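Notes to accompany the following structure.
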Amino acid sequence: MDKRIRQGVFVLFMALLVLPAVQFKFNLVKMRPLGGTYVYEERPSFTKKEWLKGEYQEKYARYINDHIGFREFFLRSFNQFCFSVFSIPRAQQIIVGKNSTLFELNYIRDYTGTSFRGKEVINEQVAKLRFLQDTMNQQGVKLILYFAPGKASFFPECIPQRYLDSMQAMSNYRYYAQTCREAGLRCFDMNAWFVSQKNKSPYPLYHRGGIHWSSYGWTLALDSLCRFMGQQQGTPLPQMEITEVQLSDTARDTDNDIEKALNLLCGLPHDQYAYPLIKINEGENVRKPSVLIVADSYWWNVFSSGNTLHVFDGCDFWYYNTEVYYDDGRPMVAADQLNILSEVQKKDFVIILSTEANLFNFGWGFIEKLYDQYHQGWSALASEFSEEEIRGQVEYIRNDPEWMSLIEEKAKANLVPVDTQIRNDALYILSQRRKE
Amino acid sequence: MVFSSSIFLLYFLPVFLLVYYLADNKYKNYVALAASLAFFVWGAPLFIFVVLGSVLMNWFLGRMMEKQQDAGKKNLMLAGLIVNILLLIVFQYTGFIKENLNFLAGSAIVGDIPWMKYLVPLGFSFITFHQISYLVDVRRETASPFRRLSDYALFILYFPQLINGPINRVAEMAPQLADRSANDHIDNRLAGFIRFVIGLSKKVLIANVLGAEVDRIFAMPEAQLDTPLAWIAILAYAFQIYFDFSGYSDMAIGLGKMTGFILPENFNSPYTATSMTDFWRRWHMSLSSWLRDYLFMPLSVKMRNAGITGVVISVMITFLICGMWHQPGWTFIVWGAWHGLWLALDQLFLLKVLKKSGRIVATLFTFLITTVGWVFFRAEDFQQAGLFLRRMFSFVYNGVADTGLRADFWTVFALAAVFSVVSAFKPGRKLEMMVFEKRMKLIQLIIMSCIIIILFILCMGSISSSGFIPFIYNRF
């Protein structure tokens, strides 16, 4: 009996070694796939040269390592051990906060101000934005700056103390929000709104295991945006109505996206997930605007929900100003293949949406590129008129004190000399006259 | 192929063990040899020809020596030693010699040797020491030469001890190669697997965790490195190298046991040593006994007329070679010299002083000396070694509260410190005996099996997660 048990234990030990290869070959047990974004090593093709140098063996060992049977179980067990014993998350840039609230480091860095770009940089960008807003206004395109909520601002009490110790006086979000308001820019500050609603909302606006707004949160955010856009265009957009809220213990979409990337064996404690069902009332007297939105991953939930099809007349999603997705099913194109100016001029609204974590690179180059294009546009416009015509219009403006005071304000906001501002306005007037 | 890799643990090892256990006793050596050759060819596909040539030559020399009288034996042994050492120099030290010649000449007088990059001298230091000891033992007639080439080849190339030892002696291994049925039973297989997984855990769950932080600190710019951090790094390295190396030895000994071989022990709580002499009785024991028997003893016999001076010179030569043997490089030579110096001082007076100072003081002192020595072993070059030593003893404190060292590092560091010394005490020794040596009671075996399975899963998790730290999203 004793010997039998000992032999049985040894067979068990051997099974530990053998079963992963059997699982890899026959996939006997269906494993829950790993979360997060990663790249698997491809099976290398054999070449004698690589074999002799040992490179083939290295690649093959990496390939085996990435594809062993039960890898998901081994990895989740180890991650769970690190997380439960040491509170160490085994995913890039993830921070475990109080009450198992998960953050991405960039959010905390923005909240604490350690990624602050500096006032000068932001002032310069805000001036450009002011210039863009005014110029685009003249063309009937409305620019909206959308500050999406940020998890660090929403759960500051859960940020680990070691990060709060390095809290700075100013952060990108605080300075952008303040400066944009002062500059008279069209801002939509969802971050502040989320914070104000944190304890009032019947359902969580953020989940502890997610880095994005909850499904309930983004539904409210989209509704608010539609109302705001309706005010701006003077005609309401189709109205969104929440007909029902389904409660669930299972997260969907991005509600626990960081938790998924942790690849743990056991789920983290969480509030009930709330999933609103939406009805869109496309009544009379509504107007669907065409929209171009330059945004980070916060817009994905909204975009992939399909709701933009019902409230907008086309929504082009410029993801990090790198890839452009269309809600009408057209294939994705690279942003740099498009003419930014003509794309903007086709739209009713251009929205630049960023969460706090991405404000250190606000606009991802879109603002600067569009600004440069408009400036080139002024130069091109100037060539259409004689210097005499332009000078005449400039003199006309100079002789109007009221106009001049407006020009001085604009020049200050756009961070350009008064002369340049006068000249730009003169060109605009001339071009408008010609159109008429 | 390293032991702590998925390809070894989940493919090579189970296939080898299954074939080995299913094979008839008379074919087991052939199975082990075939697996060892496959193991070698995987890591060094071209160098196998050099090694096989060398194995054939040494086996042939051994057979020839058997038929010779004393003088003939001696000449054959000397010829064998010269060829073995020359091969070691050519394949292991050419790069080092080239670098030094170019440095002395002030220009690149010796260029790259194109074919060298294809010849990875896998485990060649160990192979050479094995072969030298074989020739010397046959010459001394403390062992008989192997009759069968395959047995000799297995003695030299058996994969568990191929890369990092332990260094076997012919007298210990020859009887086992002939017949090891007495050792090939279920208790040894169980004990072997348990020891293997414990070794794997020492390497993966302790040494690798410490190593990651040691690498980070050693790569820090000078301004960031202060005295506490330098000490933390070098202490962590002391534990890293111990758990890495002793973990490897445990894996080799465990694999040996699973296949009926009893390989020599290699470590015995070296950080509880009370002198440098004691340290080398506990650290890499198979190497230190090799150095004693085949280098130090013959040298000191040659210089016996010089008295204590002869002993000191023998120690210094032995440990300069010991340093050089570990890896070609001046920092390793200095490390060897550092140990040689303290061993020589032991011979002169230090042993007596340490004995008088009491066990605790002697142990702490020896640990300090060993740890300082590790700076040369770990540093890339003298510049880095100098910086580290300056930081360790200049008492600079940057006052940075956050050293970036995480909770797992500190826990593993503390565990490593405890495990390094625990077996020097009675309860620890008892536990070690129970796990490694005695036949466990059934209940002990079941508890231990659960622990081993958990450790194996954690090790596999850590190994398979190397390079797997996912991002939530790709962000261009």
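The sequence lines fix the lettering, A, B, ..., with proteins before strands; numbering per chain opens at 1. Just so we're clear, the structure is a prediction, and the values are computed from it rather than from any experiment.
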Should the pair B:R216-B:E213 be classified as a salt bridge under the 4.0 Å nitrogen-to-oxygen rule?
yes

Interchain contact, B:L205 with chain A, by part (heavy-atom threshold 4.5 Å):
side chain

Considering only heavy atoms, which portion of B:I454 lies under 4.5 Å from any heavy atom of chain A: side chain, backbone, both, or neither?
neither

For A:W51, which atoms come within 4.5 Å of any heavy atom of chain B: side chain, backbone, both, or neither?
both

Check whether the ring centres of B:F409 and B:F413 lie less than 6.0 Å apart, and answer yes or no.
yes

On the 0 to 90° scale, with breaks at 30° and 60°, tag the B:F193-B:F456 ring pair as parallel, tilted or perpendicular.
tilted

Counting only non-hydrogen atoms closer than 4.5 Å, does B:I457 touch chain A with its backbone (N, CA, C, O), its side chain (CB onward), both, or neither?
both

Count the heavy-atom pairs under 4.5 Å between each of A:I88, A:V18, A:D296 and chain B, then report the option with the highest count.
A:I88

Examine B:F16 together with B:F159 and report whether their ring centres are nearer than 6.0 Å.
yes

Which atoms of B:M1 come close to chain A, meaning under 4.5 Å heavy atom to heavy atom: side chain ones, backbone ones, both, or neither?
neither

At a heavy-atom distance under 4.5 Å, which candidate from A:Y56, A:F74, A:Y60, A:F73 has the highest pair count against chain B?
A:F74

Using non-hydrogen atoms and a 4.5 Å limit, figure out which bit of B:L13 sits close to chain A: side chain, backbone, both or neither.
side chain

Can you say whether B:F8 sits under 4.5 Å from chain A via the side chain, the backbone, both, or neither, judging by heavy atoms?
neither

With A:W300 as reference, evaluate A:F317, A:W218, A:W213 under the ring-ring contact (aromatic ring centres under 6.0 Å, His included) test and give the passing residue.
A:F317

Quick one: do the A:E323 and A:Y325 side chains pair a donor with an acceptor below 3.5 Å?
yes

Looking at A:L16, A:I5, A:V85, A:L12, which one has more heavy-atom pairs under 4.5 Å with chain B than the rest?
A:L16

Honestly, is A:R208 close enough over A:F155, meaning NZ or CZ under 6.0 Å from the six-membered ring centre and within 45° of the axis?
yes

At a heavy-atom distance under 4.5 Å, which candidate from A:K260, A:Q80, A:M14 has the highest pair count against chain B?
A:M14

Checking heavy atoms, do the side chain of B:S5, its backbone, both or neither come under 4.5 Å from chain A?
neither

What part of B:R189 lies closer than 4.5 angstrom to a heavy atom of chain A: side chain, backbone, both or neither?
both

Quick one about B:S464 and A:N65 (side-chain donor to acceptor, distance below 3.5 Å, no hydrogens or angles considered), yes or no?
no

Is it true that the NZ or CZ of B:K28 lies under 6.0 Å from the centre of B:Y20's six-membered ring and within 45 degrees of the ring axis?
yes

Which atoms of B:I186 come close to chain A, meaning under 4.5 Å heavy atom to heavy atom: side chain ones, backbone ones, both, or neither?
side chain

Under 4.5 Å heavy-atom distance to chain A, tell me which part of B:V41 shows up: side chain, backbone, both or neither.
both

Toward chain A, the part of B:L190 with a non-hydrogen atom under 4.5 Å:
both

Kindly assign one of parallel, tilted or perpendicular to the pair B:F91 and B:F124, based on the angle between their ring planes and the thresholds 30° and 60°.
perpendicular

